[in-house]
Amino acid sequence: MSDQSPAHNLVFGMAGSGGDGIVSAGDSLLQAAAAEGYHGVMTKSFGSQIRGGESSCRVRISTEPILNPGGNLDVAVALNWEDFLKFGAELPVSGNTVVIYEAATLIPPDRIPLVGVVPRQVIPVPMTQMAKDTAGTERAKNTVVLGLIAGWFGIGAVAVMKGIRKKLAKKGEELVEANQRAFDAGRAFAMANPLRVNMNIVPSETKGALKLITDGNDMCAAAAIFAGCRFFGGYPITPSTEIMQFFTDHVWKYGGSVLQAEDEIAGIGAAVGASFAGVKAMTATSGPGLSLKTEMMGLATIAELPLVIVDVQRGGPSTGLPTKNEQSDLFAACFSAHGDVIRPVLAPTCVADTFRITVEAFNIAEYYQTPVIILSDQEISQRKETLDPIDVSQFEIIERLQPNAHDLKDYKRFAQTENFISPISHPGMLGGTYLASGIEHTEGGAPTNSGTVHARMNDKRTRKFDPLKDRKDLFEVLGNPSAPLAMVAWGSVAGVCREALQMALDEGLNVKLMVPYLLYPVAEGAYREFFASVRKGLIIEQTHLAQFHKLLRMHLDLPAGVRPLARSGANPFLPGEIVAALHNLLSELQRRHEGKLQPQE
Amino acid sequence: MNGTATCDFQPKDYKSDLKPIWCPGCGDFGVLQGIYRALAAIGRPPHEIAFVSGIGCSSRIPGYTTAYGFNSVHGRSLPIAQGIKMANPDLLVLAAGGDGDGFSIGGGHLAHMVRRNMDIAYIVMDNQIYGLTKGQLSPTSHKGLTTCTSRHGSLEEPVNPLLYMLAYGAGFVAQAAPTDLPGMAAIIEAAIRYPGFAFVNIQSPCVTYGMEEQQLKGLKAMQESLEGLGHDSTDRLAAMDLAQHYGRKLHLGVFYRNPEPPPTYGDLVKARQEELSKNALPVERILDLFIKK
């Protein structure tokens, strides 16, 4: 059983060899769940080889909206044990897990190789044989698995086959029929061998409602195109590459273009050029690529050019853990440049809000004439979520401030204005010619060595961001606003904390959660307000050095009882683990309150 | 295309109010004059021109014109120029810099620039020395050259910019020198008019760290016009043969000009946009791509 009643919430984990169709089965299950009105999240994991080897996926299905892939598995499907065990951390089995495995492994249920765990029920199923018998090919064993799931858990009896039919329609009716037989056989097996505990998921109240299914990378690229981005320059790097792929599929349709450059520097350089030419531009990368792009980010800052940079974080430093999640590019995103630089850093917390955050990133970039970093992470970028349709008409699209006829009379590109934002011309605009430069420049754009001008320009380039810190819509506070116990979390970890918050509130804890979408510049006011009632708190993050905790402490005094709950990737935080940490804080608080002042920290 | 004449312009119309900071006698003064003349001959108004450079003495050059200029970071003029051209193909896009900017720090971009064949003219002021950092070895310095970073003489062979560009497959490769101002202006003009990526190497001597007066005279003596040699500029192999004399002979003129220029990257982009826009969902409905029915 996962964190909530299984009747409302099921977590499936499946693993097998490459070619077993595990990820494809996960996709079918997620789509079927969406069609039946459930919410769902799917993550997948591979070994480090390109083909063959092992692959796994985890699909969480719920009657309520969910923002993380859940904790221990309710259902584990092992097509072979060797592959399954390679994903120990991603697919944790507990005493509440129902384990289904390939009977051909000839391992008796009481001898399965799960050390230190006695699952709720263990069922060997001759999946390969059933696939051969019904479909004539063992390739259909993933369809057998889907039949078993439909039979035992009540998901996808109709929708799965509808999806498979659609997918295979081109390949002929014969193949569709063969898969139908494999699916029916799986379902019949489940009916004939009922589970000891009923784990049927309750029907969703939103059955038939329209759902979208996508991952964070595709969502980010689609949102960028919606926001008006018409140029993408980049270089392939895991786990950000799908953003560029989406652009190469779609941006041409809207009169835009995309450049797969020769390196990361050329990728961002082309985006800087496109922005100079007056077009909204973006680049995307991951850790090592962000390092390479740093000099260009400084250039766009001093030349005051709008630009959106997506950094999909993975484990670092260097090549690190290319396919696993971490939040450790935070310092790099905020600070990696020389000189005095403020560059807004925004972080989405799930696939759904990647849309809003990406549109916001373009709006901020264009309004403030600045590079903006979207600090996404592997977890958000590559997991699939079911989403309710988004009403895009509610989003305002902001364009950069252009000079009017009066401005163009004696045009000064970097004119000092009241809000430090100067009208920006672009090539082709009569009267607007100027020299954009990485070298310090006067209001008119002429290169200068003057320290006075430099100080004034630094002031312009940093103070223009002050209003950003007052944007209440870039922060979310959940739970009891005056609670003495608190959590702060950003990015994908915030999704886990949202669920932990609900669990803690259900247990009667007086607790609240702050989710910042704007990480930098640090909005001191928003945090001061949040921490005013706080006696004990956790800054929860997937970094080794507690980077976010340190970033906050650079800018404000946190209450003494606020400390980091931080660890490196790749193992995800589990909601239950966070609730346990909150209980610890509470007991410390109570002991203090009772006057038994033992040092607790 | 880069070279559509629209109005009557004089060279002075491209001259900005900024005073060049180059040393007296620097070859780059001549290059600047050549660029003014070439632009006037083409006649595109300054505001329709984007002139991008990297870092170095020569990279100051966009600021001395009335065009939209971009004095960027070291070695990266070409990626930025590409982004500009892709974002607005109607602009006349020029890139300029020095030998260090182009062949050392930015050297990785050259091959790819050629592969993409964007309609951009790239002018390198090649002085075989690092001037702005006060006289260090450059990628085109000759072997044995004594500088402050090679006090006992350089151990490296110089790169050969002309041979590189010809080998990469550039459609237009030429060399010029400010000692022949009209010839240089004509070559720059031809490069800008070439529909595709065009490269001009300009031997622009550094009088402070590079050359003594004596050597400058020697440079003049090395000058030889390709036209005078009867070189057929449509013959890439003959061009490569002549380009091997880089550093020993100063051949001036067009080494190679593709007589049948292939479509530019911009043409290909436009064709793709037109083809694919027929099947576009309105952008407000882009999320419909994620509906799984």
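Residue numbers start from 1 in every chain, and the chains themselves are labelled A, B, ... in the order their sequence lines are given, proteins ahead of strands. Since this is a predicted model, take the numbers as computed values, not measurements.
For a residue to count as touching a neighbouring chain, one of its non-hydrogen atoms must lie under 4.5 Å from one of that chain's; by this rule A:F395 does not touch chain B. For A:A266, the parts lying under 4.5 angstrom from a heavy atom of chain B are both the backbone and the side chain. Using a 4.5 Å cut-off between heavy atoms, B:F51 does not touch chain A at all. For B:R116, the part sitting under 4.5 Å from any heavy atom of chain A is the side chain, from C-beta outward, and nothing else. In this structure, chain B has a heavy atom under 4.5 Å from the side chain of A:M296, while its backbone stays farther away. When heavy atoms are compared at a cutoff of 4.5 Å, B:R115 does not approach chain A at all. No part of A:A35 comes within reach of chain B, as not one of its non-hydrogen atoms sits under 4.5 angstrom from that chain. Neither the backbone nor the side chain of A:H441 comes within contact range of chain B, judged by heavy atoms closer than 4.5 Å. Only the backbone of A:V258 comes within contact range of chain B, with heavy atoms under 4.5 Å apart. For A:F232, no part lies under 4.5 angstrom from a heavy atom of chain B. Contacts between A:F226 and chain B at a heavy-atom distance below 4.5 Å involve backbone atoms as well as side-chain atoms. Heavy atoms closer than 4.5 Å to chain B are found in both the backbone and the side chain of A:Y434.
Annotation: residues 160-172 of chain B contacts chain A through no residue [non-hydrogen atoms, separation under 4.5 Å].
For the residue pair A:F231 and B:G83, the shortest heavy atom distance occurs at CZ-CA, 4.4 Å. Taking both residues in full, the closest heavy atoms of A:E262 and B:G108 are given as CG-O, 4.1 Å, listed atom of the first, atom of the second, then distance. Between B:V269 and A:S257, the shortest heavy-atom distance links the atoms CG1-CB, 4.1 Å. Smallest separation of non-hydrogen atoms from B:N279 and A:K253: O-CD, 4.4 Å. Between B:A87 and A:V279, the closest heavy-atom pair is CB-CG2, 3.7 Å. Nearest heavy-atom pair across A:P427 and B:L91 is CB-CD1, 3.5 Å.
The candidate with the highest count of non-hydrogen atom pairs below 4.5 Å against chain A, out of B:A50, B:S72, B:G75, is B:S72. When each of A:G298, A:G256, A:A270 is checked for heavy-atom pairs under 4.5 Å with chain B, A:A270 comes out on top. When the candidates B:L78, B:L281, B:T65, B:I21 are compared by the number of heavy-atom contacts under 4.5 Å with chain A, B:L281 comes out ahead. Residue with the most contacts toward chain A among B:R76, B:E284, B:H109, B:Q82: B:H109 (heavy-atom pairs, distance under 4.5 Å). Ranked by non-hydrogen atom pairs under 4.5 Å with chain B, the options A:G438, A:A34, A:G432 are led by A:G432. Note on B:V52, B:N88, B:L289: by heavy-atom pairs under 4.5 Å with chain A, the leading option is B:L289.
In this structure, A:D218 CG and B:I286 CD1 are separated by 10.0 Å, a value rounded to the nearest 0.5 Å. To the nearest 0.5 angstrom, B:L276 atom CG is 10.0 Å from A:H250 atom NE2. Here CG of A:L435 is found 5.5 Å from CG of B:N71. Values are rounded to the nearest 0.5 Å. Note that the CZ atom of B:F290 and the CG atom of A:D215 stand 7.5 Å from one another [nearest 0.5 Å]. Between the CD1 atom in A:I225 and the CG atom in B:L287 there is a gap of 10.5 Å [rounded to 0.5 Å]. Taking NE2 of B:H112 as the start and CG of A:L259 as the end, the distance is 11.0 Å to the nearest 0.5 Å.
For B:Y68 (side chain) and A:A436 (main-chain N/O), no donor-acceptor pair under 3.5 Å exists by modelled atom type.
Looking only at side-chain heavy atoms (C-beta outward), B:L18 and A:P447 come within less than 4.5 Å of each other. Using a 4.5 Å cut-off on side-chain heavy atoms (C-beta onward), B:H47 and A:S425 make no contact. Inter-residue side-chain proximity for A:L305 and B:F70 is flagged as met; some heavy-atom pair is nearer than 4.5 Å.
Annotation for A:Y235: atom OH does not count as buried by contact number, only 12 or fewer foreign heavy atoms lying within 6.0 Å. For CG of B:D17, the number of neighbouring non-hydrogen atoms (other residues, nucleotides, ligands) closer than 6.0 Å is 12 at most.
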